[in-house]
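The block underneath contains the structure these notes are about, expressed in structure tokens.
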Amino acid sequence: MVSSLDPALAEVWRGEYLEAVHHGSVAIVGPDGVRLALGSTTTPFLSRSAIKPIQAVAMLRNGLDLTGPHLALAGASHDGEPIHVDGALTILDGAGLSPADLQNTPDFPSREPLTAWLAAGRDKETIAHNCSGKHSAMVRTCARAGWPLHSYRDPAHPLQTAIRAELAAQTGDNVGESVVDGCGAPAFPTTLEGLARAFGRIAGATDGPEKQLADAFRAHPEYASGTKRDEVVYHREVPGLICKAGAEGILAIGLPDGTGIAVKISDGRHRATVPVAVAILKSLGHSTPALETLDPEPVLGHGEKVGHLAPSAALLEALDGSRI
């Protein structure tokens with residue numbers, strides 16, 4: 001869906017100099033329909049890990065018996081912190097399974113947990129991969145449903161066909177054929193508007209698996225991402241919000257009034273989603289000091305902050321003119 005016609009969404013400033021511009025697309029969808037569409041919002045693309053909450057809803061609908069932090073972990077891209085590794089082990093153990101049943105790519109933890117992991121003499125492991133919560137929930141779902149474990153990543157497996165059907169129902173998209181995601185599971189395409197629609201539906205749900213998942217994310221955001229991630233700040237600062245980032249510059253947000261927001265940065269840099277998301281939330285009446293100062297990837301010079309990221313003039317104009 002990346003197009004040379006996608007508008008500028010975010011700017012990188014080093015001192016008084018404009019150093020870089022990030023282009024991309026934005027979709028804002030409410031119960032009443034599309035409220036704002038900038039860039040390529042109706043072309044199928046890979047939502048990557050942003051679809052994990054929808055995958056978790058599909059698993060709940062097919063026998064997954066998780067609640068609280070472990071349900072949040074089922075829809076997570078985590079950092080391999082101890083709470084995440086231990087949580088994934090608990091998900092597996094509760095179904096009589098072990099890391100040997102996981103088929104995701106072995107990896108190291110990321111960020112700070114990596115130092116302690118290496119100091120303990122540990123190598124790459126499936127349980128440390130950022131998708132281990134999802135994969136643990138997948139095999140647990142299969143165990144509960146009586147489905148084969150050895151082929152759970154196959155797009156034709158009952159688990160994956162259920163996930164594809166759930167994606168179609170939540171997004172309203174005609175979900176095309178999958179490709180292999182970074183973790184080894186199928187990656188299914190959606191549209192940006194469809195992704196926004198799905199997050200609005202899940203965040204606005206008043207019952208069912210959607211509400212179960214949304215409540216888990218709201219109560220345990222550190223399990224849905226990590227203790228140091230910007231997604232935690234969005235969850236804590238905006239009552240009722242749920243959100244999920246995806247690889248290659250994707251961020252999806254749902255609000256409890258049924259509004260869904262989806263952002264795709266054309267060059268794949270996650271840092272650009274932050275000023276875009278903050279500007280959109282502010283236009284919707286959600287602004288706090290913690291959001292206004294959110295800066296997970298600061299512009300540094302000799303170790304000191306010397307610049308900032310900002311929403312583009314084009315984005316601010318569109319938000320002001322849309323009256324969303």
Side-chain angles (χ1 to χ4, degrees), residues 47 49-78 83-104 126-127 129-173 175 178 180-181 183-188 190 198-199 201-221 223-224 242 244 252 254:
S47 300
S49 287
I51 67 170
K52 284 181 178 177
I54 309 171
Q55 291 173 309
V57 169
M59 288 188 267
L60 286 171
R61 217 179 290 283
N62 286 275
L64 181 63
D65 53 343
L66 296 177
T67 60
H70 298 117
L71 179 53
L73 189 60
S77 295
H78 61 74
I83 60 169
H84 305 133
V85 173
D86 292 345
L89 289 171
T90 298
I91 292 172
L92 291 168
D93 185 64
L97 303 169
S98 77
D101 295 296
L102 299 178
Q103 295 179 16
N104 58 283
T126 55
I127 202 71
H129 191 281
N130 74 87
C131 297
S132 68
K134 177 184 77 173
H135 280 258
S136 296
M138 283 183 168
V139 293
R140 181 167 174 143
T141 301
C142 291
R144 294 292 187 251
W147 294 335
L149 292 180
H150 69 280
S151 57
Y152 77 89
R153 293 188 299 110
D154 189 325
H157 189 282
L159 172 68
Q160 303 302 339
T161 58
I163 287 172
R164 184 175 177 178
E166 190 69 34
L167 280 167
Q170 296 290 349
T171 63
D173 290 336
V175 179
S178 66
V180 180
D181 209 337
C183 65
F188 293 97
T190 69
F199 269 71
R201 286 174 171 169
I202 294 173
T206 57
D207 57 21
E210 294 90 342
K211 187 174 189 300
Q212 288 178 256
L213 186 283
D215 285 348
F217 264 50
R218 290 164 180 149
H220 306 282
Y223 280 83
I242 66 165
K244 182 71 188 73

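- In this model, a donor atom of one side chain and an acceptor atom of the other lie less than 3.5 Å apart for Lys244 and Ser77.
- Atoms CE and CH2, from Met138 and Trp147 in turn, are 11.0 Å apart once rounded to the nearest 0.5 Å.
- The backbone N or O of Ala205 lies less than 3.5 Å from no partner atom in the side chain of Lys211, so there is not a single donor-acceptor pair.
- Across every non-hydrogen atom of Pro148 and Ser151, the tightest pair is CB-OG, 3.8 Å.
- Taking the side chain to side chain contact (heavy atoms under 4.5 Å, CB included) definition, one finds that Ser178 meets it with Pro155, Pro186, Phe188, sequence neighbours left out.
- His84 is not listed as a side-chain neighbour of Ser132, based on a closest heavy-atom distance of 4.5 Å or more.
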**OP:** Walk me through it: do Leu60 and Leu71 pass the test side chain to side chain contact (heavy atoms under 4.5 Å, CB included)?
**Re:** CA-CA 9 Å; Leu60 286 171; Leu71 179 53; 3.9 Å; yes
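- Judged purely by distance below 3.5 Å, without hydrogens or angles, the side chains of Ser47 and Thr190 pair a donor atom with an acceptor atom.
- Considering only heavy atoms from C-beta on, Ile127 comes within 4.5 Å of Leu102 through its side chain.
- Residue Lys134 holds its NZ atom at 12.0 Å from CG of Leu73, rounded to the nearest 0.5 Å.
- Considering only residues two or more places apart in sequence or on other chains, Arg153 meets the side chain to side chain contact (heavy atoms under 4.5 Å, CB included) condition with Gln103, His135.
- Residues meeting the side-chain hydrogen bond (donor to acceptor under 3.5 Å, both in side chains) test with Arg164, sequence neighbours left out: Glu177.
- In this structure, OG1 in Thr161 is found 12.0 Å from CD in Glu166, a value given to the nearest 0.5 Å.
- Residues meeting the side-chain hydrogen bond (donor to acceptor under 3.5 Å, both in side chains) test with Gln55, sequence neighbours left out: none.
- For the pair Asp181 (side chain) and Cys183 (backbone), a donor-acceptor distance under 3.5 Å is absent.
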Contacts table for residues 86-98: side-chain donor-acceptor under 3.5 angstrom, sequence neighbours left out:
unit_1: Thr90; atom_1: OG1; unit_2: Asp86; atom_2: O; d: 3.0
unit_1: Ser98; atom_1: OG; unit_2: Ala100; atom_2: N; d: 3.2

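- Atom OH of residue Tyr152 and atom OG1 of residue Thr141 lie 11.0 Å apart, to the nearest 0.5 angstrom.
- Put simply, the side chain of Lys52 reaches to within 4.5 Å of the side chain of Cys131, judged on heavy atoms.
- A heavy-atom distance below 4.5 Å is found between the side chains of Arg140 and Leu64.
- By the ring-ring contact (aromatic ring centres under 6.0 Å, His included) test, His129 is found to be paired with no residue, residues two or more places apart in sequence or in another chain being considered.
- The shortest heavy-atom contact between Asn62 and Ala162 is ND2-CB, 3.7 Å.
- Annotation for Ala198 and Ile54: closest pair CB-CD1, 3.6 Å, computed over non-hydrogen atoms.
- Atoms CZ and CE, from Arg61 and Met59 in turn, are 12.5 Å apart once rounded to the nearest 0.5 Å.
- The two residues Gly75 and Phe217 have their closest heavy-atom pair at O-CZ, 3.3 Å.
- Two residues are said to be in side-chain contact when any heavy atoms from C-beta on lie closer than 4.5 Å; Leu167 and Asp173 fail this criterion.
- Rounding to the nearest 0.5 angstrom, the gap separating the CD1 atom in Ile51 from the OG1 atom in Thr171 is 9.5 Å.
- Closest non-hydrogen pair, Pro99 versus Thr126, comes out as O-OG1, 3.6 Å.
- Between Ile242 and Ala214, the shortest heavy-atom contact is CG2-O, 3.7 Å.
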